[in-house]
Amino acid sequence: MKKYSAFSLVKESFNNHLGWEKAWKKSHLKKNYKIIIVGAGGHGLATAYYLGKNFGIKDLAVIEKGWLGGGNTGRNTTIIRSNYLQEESAAIYEKSRLLYETLSQELNYNVMFSPRGVMMLCQTEHELRAMKRTCHANRIYGVDTVMISPARMKEMIPIINIKGPRYPILGGLWQPRGGTARHDAVAWGYARAISSWGVDIIENCEVVGIKKNKNKISSVQTTKGDISCEKMCFVVAGNSSVLAELCGFRLPVESVALQALVSEPIKPVMNCVVMANTVHGYMSQSDKGEMVIGGGADGYNNYSQRGSFQHIEETVRALIETFPFISRLRQLRQWGGIVDMTGDRSPIISKTPVDNIYLNCGWGTGGFKAIPGSGWATAELIAKGEPGKLAAPFSLERFKEGRMIDESVAAAVAH
Amino acid sequence: MLKFTCPYCQVEADETELTPGGEAHLKRMGPGSSDQEFYNYLFERKNPRGIHFERWLHSYGCGKWFHVVRCTKTMEVFGTYSAQETNPPKKILDIVKQRISFGKKIK
């Protein structure tokens with residue numbers, strides 16, 4: 001792997017930039033691997049990366065039905081934050097945010113992490129109280145958040161309308177270290193790093209069957225042939241239930257569509273991420289100048305990667321009172337991804353009823369921010385066979401044991 | 001946008017008129033059931049990529065619950081039937097079968 005640096009850039013410029021190599025190699029499927037990771041999205045690639053980095057396991061294959069980073073990793077609104085109410089969530093999301101801070105240097109790949117700050121609006125008295133509670137909880141867990149006044153918010157984002165009339169802004173929860181990152185680059189950076197170790201990344205390779213021997217997986221049948229492995233982990237977001245069915249168990253998740261859109265590019269108007277939880281909408285401005293807007297998920301099962309039209313309208317309508325200027329913007333692009341929702345809106349990083357199959361799913365509407373932390377925790381689970389401190393609370397057993405990590409009201413918008 | 005015909009009032013209702021209610025034909029478990037059964041009833045879902053039997057509420061219409069058979073991949077709607085049916089009627093299952101074989105043919 002050629003290192004990217006200012007020096008290599010200068011050197012390549014004398015060569016008309018013809019000497020750059022592909023970021024990751026096209027590999028061919030071998031017959032046998034120690035660990036197979038199904039799903040080459042952010043979470044799957046990060047899992048492979050931390051398996052190699054933290055545990056020295058590099059006899060891996062990451063197989064992917066479509067193309068690398070083509071699922072929800074390429075379909076989100078790139079927000080990174082860790083201001084969660086529950087201790088378990090705060091721990092894993094804060095770990096993730098911390099890893100994001102140095103990810104570009106670590107991967108030698110610019111993921112464009114921009115800690116521009118995340119502002120959560122409080123637009124009702126109840127929300128103000130709930131956010132104060134979250135703020136106190138965050139302080140206890142060591143997550144840096146603070147409550148700010150409407151006047152301060154207006155000072156930070158002059159274009160915001162704080163007066164209502166329907167939903168006036170009463171305050172805000174401010175996480176200065178949250179922000180955004182370039183979503184594709186996160187997947188590409190991890191892919192480049194693991195590919196340089198000789199990890200095989202196989203695209204267009206769908207899992208069609210699982211062969212088991214006494215409650216242990218012996219081989220994975222794919223569209224490119226059978227592979228045997230010691231352990232398998234599936235990290236396939238919206239398609240988790242489909243894979244679980246092949247493995248012979250069911251999951252407490254449902255797949256629904258979540259949509260987002262961007263406007264035409266405009267001059268800089270907003271230098272942080274704003275989330276309006278009461279009205280279900282969140283917005284940030286990309287480096288290209290587009291307003292990136294996300295909203296609520298549909299309420300019904302869907303695998304089509306398209307959502308309902310009215311949800312786009314609802315999302316934009318919700319933000320118009322607070323940001324009147326967006327009513328004059330044209331929509332440039334709109335997209336949908338299939339997210340796997342759990343009952344308590346917290347993820348599942350867990351062992352499964354099959355002995356050597358592991359599972360990472362259920363990130364629902366907020367998976368992008370968790371990529372490094374999730375990979376870190378899942379790698380530990382696969383390597384040791386037992387979950388570490390970060391992953392332990394997110395086991396599949398928690399539903400049966402009534403140990404829910406309830407983020408459905410507390411964490412984010414639009415569940 | 002999804003459109004279903006409400007089996008009660010026969011109105012062809014838009015998705016905006018309706019509220020989704022999740023998987024249909026779940027067997028209710030309560031006191032006396034095992035922990036596993038109760039967990040299955042509360043949390044585990046089929047969540048198929050394909051034919052899905054589900055419940056919908058005609059909330060901005062007659063206000064009644066009914067059943068829908070739909071493909072979660074193609075969004076094709078195969079039919080609706082009343083909430084009193086504990087199993088999908090044969091008529092609708094026949095349509096589903098026909099459409100599946102049709103789908104295989106065009107592949």
Side-chain angles (χ1 to χ4, degrees), chain A residues 65 206-208 236-246 248-257 296-314 317 336 338-346 348 352-353 361-362 395-404, chain B residues 1-4 6 13-27 29-31 33-60 65-78 80 96 100 103 107:
Chain A
K65 173 173 76 128
E206 185 175 357
V207 175
V208 288
V236 294
N239 283 300
S240 297
S241 296
V242 180
L243 244 116
E245 192 76 39
L246 290 177
F249 54 90
R250 277 191 191 153
L251 293 174
V253 300
E254 291 198 272
S255 302
V256 299
D298 285 349
Y300 55 85
N301 299 48
N302 183 348
Y303 280 88
S304 72
Q305 292 190 317
R306 290 176 187 201
S308 300
F309 302 127
Q310 79 270 12
H311 261 113
I312 306 167
E313 195 186 340
E314 274 169 22
R317 195 169 58 204
I338 300 304
V339 297
D340 43 338
M341 304 280 243
T342 55
D344 59 359
R345 303 300 185 248
S346 285
I348 300 169
T352 67
C361 75
S395 78
L396 205 48
E397 299 300 307
R398 75 169 186 270
F399 297 97
K400 210 179 288 178
E401 291 163 6
R403 202 161 42 70
M404 255 62 86
Chain B
M1 184 174 288
L2 291 170
K3 277 185 173 184
F4 307 131
C6 171
D14 282 352
E15 191 185 321
T16 44
E17 236 176 273
L18 303 153
T19 309
E23 190 178 318
H25 306 303
L26 294 173
K27 196 170 174 227
M29 293 292 169
S33 65
S34 71
D35 282 359
Q36 185 64 41
E37 283 170 337
F38 192 57
Y39 161 74
N40 292 354
Y41 160 63
L42 273 185
F43 297 107
E44 270 192 2
R45 295 292 173 263
K46 284 182 192 150
N47 191 24
R49 187 169 68 197
I51 313 299
H52 193 231
F53 298 87
E54 56 192 13
R55 301 188 315 144
W56 285 77
L57 173 67
H58 196 181
S59 41
Y60 293 98
W65 284 98
F66 63 96
H67 286 128
V68 174
V69 190
R70 182 174 61 92
C71 177
T72 57
K73 192 151 184 234
T74 61
M75 291 290 155
E76 183 174 351
V77 179
F78 299 107
T80 55
V96 173
I100 291 172
K107 250 184 194 171

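In this structure, A:Tyr303 contributes its side chain and B:Asn47 its backbone to a donor-acceptor pair below 3.5 Å. Judged by distance alone, with hydrogens and angles left aside, the side-chain atoms of A:Asn302 form a donor-acceptor pair with the main-chain N or O of A:Ser304 at under 3.5 Å.
Residue B:Met75 touches chain A through its side chain alone, counting heavy-atom pairs closer than 4.5 Å. Contact of A:Phe399 with chain B is made through backbone and side chain together, with heavy-atom distances under 4.5 Å. At a 4.5 Å heavy-atom cutoff, the contact between B:Tyr39 and chain A is made by side-chain atoms alone. Using a 4.5 Å cut-off between heavy atoms, A:Asp340 does not touch chain B at all.
Contact annotation: the side chain of A:Asn301 approaches that of B:Arg70 to within less than 4.5 Å [non-hydrogen atoms, C-beta and beyond]. A heavy-atom distance below 4.5 Å is found between the side chains of A:Val253 and A:Ser241.
Here the straight-line distance linking atom CZ of B:Phe66 with atom CG of B:Leu57 works out to 8.0 Å at 0.5 Å rounding. Put simply, CZ on A:Arg250 and CG on B:Asn40 are 8.5 Å apart, with the number rounded to the nearest 0.5 Å. A:Ile338 CD1 to B:Lys73 NZ: the interatomic distance, rounded to the nearest 0.5 Å, is 11.5 Å.
At a heavy-atom separation below 4.5 angstrom, chain A is approached by B:Glu15, B:Thr16, B:Pro20 within residues 13-21 of chain B.
Note on ring orientation: taking the six-membered ring where Trp is involved, the planes of B:His67 and B:His25 are tilted (angle from 30° to 60°).
Chain B forms more heavy-atom pairs under 4.5 Å with one residue of A:Glu254, A:Gln305, A:Glu245 than with any other, namely A:Glu254. Most heavy-atom pairs under 4.5 Å with chain A: of the set B:Thr74, B:Leu2, B:Leu42, this distinction falls to B:Leu2. Ranking A:Ser255, A:Gly307, A:Gly402, A:Ala244 against chain B, the residue ahead of the rest is A:Ser255, based on heavy-atom pairs under 4.5 Å.
The salt bridge (Lys or Arg N to Asp or Glu O under 4.0 Å) contacts involving residues 33-52 of chain B comprise A:Glu206-B:Arg49, where partners must be two or more places apart or lie in separate chains.
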